Amino acid sequence: MTGKYKSSANPASPREADLMIPLITAHGGVLKNLYLDAAAAAPFKTQAQTYPSWDLTPRQLCDLELLLNGGFSPLDGFLNQSDYDRVVAELRLGDGTLWPIPITLDVSEAFAGQIGGGSRVALRDAEGVLLAVLEVGDVWRPDKAHEAQQVFGTDDDAHPGVFHLLHRTGPVYIGGRLYGIEPPTHYDFPQWRDSPRELRDRFIRLGWRRVVAFQTCNPMHRAHRELTLRAVQQAEANLLIHPAVGVPRPGDVDHYARVRCYEHLLKTCPEQTTALSLLNLAVRMAGPRETLWHAIIRQNHGCTHFIVDRDPAGLDQDRQGRAFYDPDAAQQLALRHQDELGIQIMPLPEMVYVQERAQYLPVNEVQTGETVLRLSGAEFRRRVQEGLEIPDWFSYPAVVAELRRIHPPRHQQGFTVFFTGLSGSGKSTIANALRVKLLELGGRAVTLLDGDLVRKHLSSELGFSKEHRNLNILRIGYVASEITRNGGIAICAPIAPYAATRRQVREMIAPLGGFIEVHVATPLEICEARDRKGLYAKARAGVLKEFTGISDPYEAPEHPDLVIDTRDCAAGEAAQRVLLKLERLGFICDRS
């Protein structure tokens, strides 16, 4: 690492200067700080009332914070189009600086129509607090399919990062310079939150010149501890556990529980050589590019070494059953750019438990004939949820207890049964029958969110455009997620014609409890014949526009948990089939 050693606090003595982490970044520039002082911020605050105002999404809030505090140095704002184009194509900014992930502000078409180059936008949090002002540079409509292919290596929306880009990102991007007014507020774990400057100062106070960073989005178990221990011994350095706690991957353990697990883990580590700090990062799941990005971010936070384990992406397979990324690709890409990064890449092998030696070893050090014990993530989660034994060699008792606390046995969890199907398919009738059967069982509160009832009481102002139908389903999903989170049962029975929206609802609910998708697959001709309200007739006559199954498509689920055709199945029988599915999955049980 090169550059002049200096502190962001008071000038230090010569002896202290020898121990300081440099403010020079991997790119040779000074660590960014885009916050204005009180005097400079005052006119922006006054004028912001006249600017178009954008309420930031959770991902945008994470990006904004790391732009303003220097975590994304050398960026001084959201990317303009020329920088974006080169990042997507070549992993570099317009001036050639290494930067692998496009950091863009995506907005709606309606909002984009209010602004132009040179104008200013007030950026606010969900409560309307002014956090920053954006001086608009470029406004453009990106080719998202091209971005997906270049950044993620695929346009298959089975990849969660691609899905977010194609289905949840606004159609227009805005780039420009940022002026920070105040940082986002974090009420949780303030003792573990550090800006890049604060973390560098912390290292200086501790006398840490060599710091190994470990990135994680998961709870840490014994294998992770052994991996980090090997890294710090190899580098003769201190350890920073630096988990991403902003917007997680779908299905990840929530960061509150994860941080409590890290706190338990800290008690097993040497106090003088191990530290924890939380990174408010929205992960992209971009495979090798993501790893390169993480390395740059950790260098900006003052770390000198960065652990890259094998296959850090850890994603499921694509629709053809192939892995999205070669397991060695992330290590190879990071090492290829080693000289530019300004942080030492530490490519480490998988750590496995060897029964005969009663210890963890790198997989390449296991001898022929030795027994390797493994516990997959899926098997670990199953054992936690079913209250089964977790072997001591796999994790720490305090960590397991914490995870058991947030993942009680399934029969104690809340869950959502989500019916989807054409109008007239029988969804509402089955949902009502199921509600009665679940109330008869007792033990949990049961709420029915029928499509027509939700339209009347929750979404009465919405029309039937695709945008409004999606919004209606997302509202149902939000209410169901809160019911599930609090241990209740939500029964949803909308048409929900679009696969992408149903997936968003699943991702909203599944981490909180159960999500059971039931496709009521009654054919169109049967639904039309049952048309009590005359809706299909009006749609055929052109009176009702964008009617599902007639003038607007219904995207049938590819992998529902249960399929029911009401041609040969009465409502009571169908509800009983759902009960049997819930029993098999463990959400209801025989209390005898």
Side-chain angles (χ1 to χ4, degrees), residues 148 152 154-168 249-252 285 313-324 376-379 381-382 385 410 413-422 425-427 430-431 434 449 451 469-470 473-474 476-477 480-481 484 489-524 527 548-549 553-569 574-588:
F152 298 99
T154 179
D155 59 5
D156 183 348
D157 71 1
H159 185 299
V162 174
F163 180 84
H164 187 281
L165 174 65
L166 298 183
H167 301 294
R168 303 183 71 174
R249 299 176 303 183
D252 277 354
M285 298 157 284
L315 294 174
D316 292 333
Q317 298 174 330
D318 66 14
R319 296 185 191 281
Q320 284 70 49
R322 301 169 303 198
F324 282 111
S376 70
E379 175 62 13
R381 289 190 292 273
R382 184 187 76 83
Q385 291 176 344
R410 282 189 168 180
Q413 294 179 21
F415 62 85
T416 292
V417 179
F418 192 93
F419 292 95
T420 174
L422 294 169
S425 62
K427 301 182 303 300
I430 300 170
L434 178 64
L449 300 170
R469 276 186 283 184
N470 280 340
I473 300 305
L474 292 176
I476 292 173
S481 73
T484 300
I489 299 173
I491 304 173
C492 309
I495 294 173
Y498 308 122
T501 313
R502 294 196 300 267
R503 178 169 168 179
Q504 282 184 251
V505 171
R506 177 184 288 274
E507 291 178 357
M508 197 185 303
I509 296 171
L512 307 173
F515 183 87
I516 300 89
E517 184 179 57
V518 181
H519 180 203
V520 185
T522 309
L524 175 63
C527 296
T548 302
Y554 176 79
E555 299 171 0
E558 293 184 4
H559 304 290
D561 298 288
L562 185 63
V563 178
I564 294 173
D565 185 338
T566 59
R567 286 179 299 178
D568 54 8
C569 182
Q576 189 65 30
R577 287 181 59 190
V578 179
L579 279 182
L580 291 172
K581 171 64 73 172
L582 291 169
E583 185 175 29
R584 189 178 75 79
L585 293 174
F587 290 108
I588 59 176

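Here the structure is a predicted model, which means the values were calculated and not measured.
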Asker: If you round to the nearest 0.5 Å, how far is OG1 of T548 from OH of Y498?
Answerer: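 If we round to the nearest 0.5 Å, Y498:OH and T548:OG1 are 6.0 Å apart.
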
Asker: Please list, chain by chain and in numerical order, all residues satisfying side-chain hydrogen bond (donor to acceptor under 3.5 Å, both in side chains) with R584, sequence neighbours excluded.
Answerer: none

Asker: Does R382 have any side-chain contact (heavy atoms from CB on, under 4.5 Å) partners at least two apart in sequence or in another chain, and if so, which?
Answerer: E379, E386, L388

Asker: Tell me every residue that passes side-chain contact (heavy atoms from CB on, under 4.5 Å) with A496, counting only those two or more places apart in sequence or in another chain.
Answerer: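 Counting only residues at least two positions away or on another chain, A496 forms a side-chain contact (heavy atoms from CB on, under 4.5 Å) with F418, T420, I473, P494, R502.
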
Asker: Sequence neighbours excluded, which residues qualify as salt bridge (charged side-chain N to carboxylate O under 4.0 Å, His left out) partners of D252?
Answerer: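 Salt bridge (charged side-chain N to carboxylate O under 4.0 Å, His left out) check on D252 returns R249.
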
Asker: Within this structure, what is the CD1-CD1 distance for the pair I491 and I516, rounded to the nearest 0.5 Å?
Answerer: 10.5 Å

Asker: Compute the ring centroids of H164 and F152, then answer whether they are less than 6.0 Å apart.
Answerer: no

Asker: Which residues satisfy the side-chain contact (heavy atoms from CB on, under 4.5 Å) test with P523, sequence neighbours excluded?
Answerer: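 With neighbours one apart ignored, the set is E525, I526, D565, R567.
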
Asker: Quick one: list whatever passes side-chain contact (heavy atoms from CB on, under 4.5 Å) with T484, sequence neighbours left out.
Answerer: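 Result, side-chain contact (heavy atoms from CB on, under 4.5 Å) vs T484: T416, I509, L512.
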
Asker: Is the backbone N or O of A493 less than 3.5 Å from a side-chain atom of K427, with the two atoms forming a donor-acceptor pair by type?
Answerer: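 No, K427 side chain to A493 backbone: no donor-acceptor pair under 3.5 Å.
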
Asker: Take the angle between the ring planes of Y554 and H519 and call it parallel below 30°, perpendicular above 60°, tilted in between.
Answerer: parallel

Asker: Please round to the nearest 0.5 Å and tell me the distance separating atom CD1 of I430 and atom CD1 of I564.
Answerer: 4.5 Å

